[in-house]
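Note that ligands are numbered from 1 as they come in the structure, with each ligand's atoms numbered from 1 the same way. Just so you know, these numbers come straight off a predicted model, no measurement behind them.
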Amino acid sequence: MEKSSVCVIINPVSGTESKKNIPEEVASAFDQTQFDVVIRITGYPGHATEIAKQAVKNKFAYVLTAGGDGTVNEVAKALVNTDTVLGIIPFGSGNGLARDLRISMDSEKAIQTILDGNVRTIDYGSANGHIFFCTCGVGFDAFISDKFAEEKKRGPLGYVRNIVEGVIEFRSEEYEITHDGGTLNERAFLLTCANASQYGNEVYIAPGADMEDGKMNVSILKPLNPNEIPQTTLQLFTRNIDKNSKMISLLTSSLTIKRKKSGVLHVDGEPVSTGKEIEVKIFHKGLKVFAPKQVEEKPPKEKENIFTAITRWINV
Ligand SMILES: Nc1ncnc2c1ncn2[C@@H]1O[C@H](COP(=O)(O)OP(=O)(O)OP(=O)(O)O)[C@@H](O)[C@H]1O
């Protein structure tokens, strides 16, 4: 029988954990009589896309990533609408797609999920041609992604520092938003288009999002008063943000955002500069990815102790 080829793409700068054992862990997990395993280390931003495109061209069966959402995005966009299956070994700061797919943060268990062979075919989105799998958006989250991109040290503490500084610096903007059901004009703190329900780190901006429904959940959070920040933060962690009185939630297959000036847009947490008008679309079931079988979600907790939520997040 012909062997299947597996390409493992490792981003050496993502997250904070060492990836030095990954080549050995993957090589020993795959039966060498059935699989040819090739290990590649990325050397610069965008390199993962080049490697993944080449792997698709060479008919690799699987492309595995050891990195965060930025690396997953770079790899997965080369795999959409092909037969090559993505495997995720989470090594990022947020790991939003892996968490939403219920992939373990433990590399050994994540590799086991790949070996178990359950494949899900999920939707993906495009914002002015930039492909995303988790979320894209404008406003505060895009502003933070731009600040975080400058950060030398990755990891959750860098995010926290940027968020605290960002709340003081950030100014909300007005948007004209056209969705499947009409048009609205809103000044918003943030406007997020969600294929997956979270940004990463179990921060849920669209708790009801389903990666296989052919639609995006749009979360428009109106500007907040300072006294509303603690409650809103807690609702993000406890999957209750859709109950916030400043939140407008939409479900749509396409969206046009118009704003007064061009600026930053984030795509899976990576900032890109774009124009005044942003076209966002969802493509149904375009990416094959290894993930555990879906289990029914527990309903969001109405009340979760803030201390529990914060300690859970610090320990993620
Ligand atoms: N050798 C490299 N040197 C510098 N940057 C790189 C290199 N290889 C990849 N990159 C870039 O590193 C960036 C960060 O990677 P990634 O998003 O995977 O990690 P993260 O930001 O820590 O995790 P997450 O996105 O889950 O929060 C990506 O934008 C990618 O393009």
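Annotation for ligand 1: atoms under 4.0 Å from non-hydrogen atoms of E270 are 17 (O), 29 (O). Each of the following atoms of ligand 1 lies closer than 4.0 Å to a heavy atom of G94: 24 (P), 26 (O), 27 (O). Of all atoms in ligand 1, numbered sequentially from 1 with element shown, those under 4.0 Å from a heavy atom of T42 are 1 (N), 7 (C), 8 (N), 9 (C).
Between H47 and ligand 1 there is no heavy-atom distance shorter than 4.0 Å. G43 counts as a contact of ligand 1, since one of its heavy atoms falls under 4.0 Å from the ligand. Residue-ligand proximity: G200 is placed with every non-hydrogen atom at 4.0 Å or more from ligand 1.
Between the side chain of K222 and the backbone N or O of R187 there is no donor-acceptor pair closer than 3.5 Å. Using a distance-only test at 3.5 Å, with no hydrogens or angles considered, no donor-acceptor pair links the side chain of N225 to the main chain of N227.
Put simply, the side chain of R259 reaches to within 4.5 Å of the side chain of I278, judged on heavy atoms.
Checking only distances, G68 does come within under 3.5 Å of ligand 1, N or O to N or O.
Of all heavy-atom pairs between Y124 and N81, the closest is OH-ND2, 3.1 Å.
Among N217, T135, D141, the single residue meeting the side-chain hydrogen bond (donor to acceptor under 3.5 Å, both in side chains) criterion with T192 is D141.
Contact check on E174 versus K260 returns a salt bridge, with a Lys/Arg side-chain nitrogen under 4.0 Å from an Asp/Glu carboxylate oxygen.
With distances taken over non-hydrogen atoms, the option nearest atom 18 (O) of ligand 1 out of T71, N95, T16, N201 is T71.
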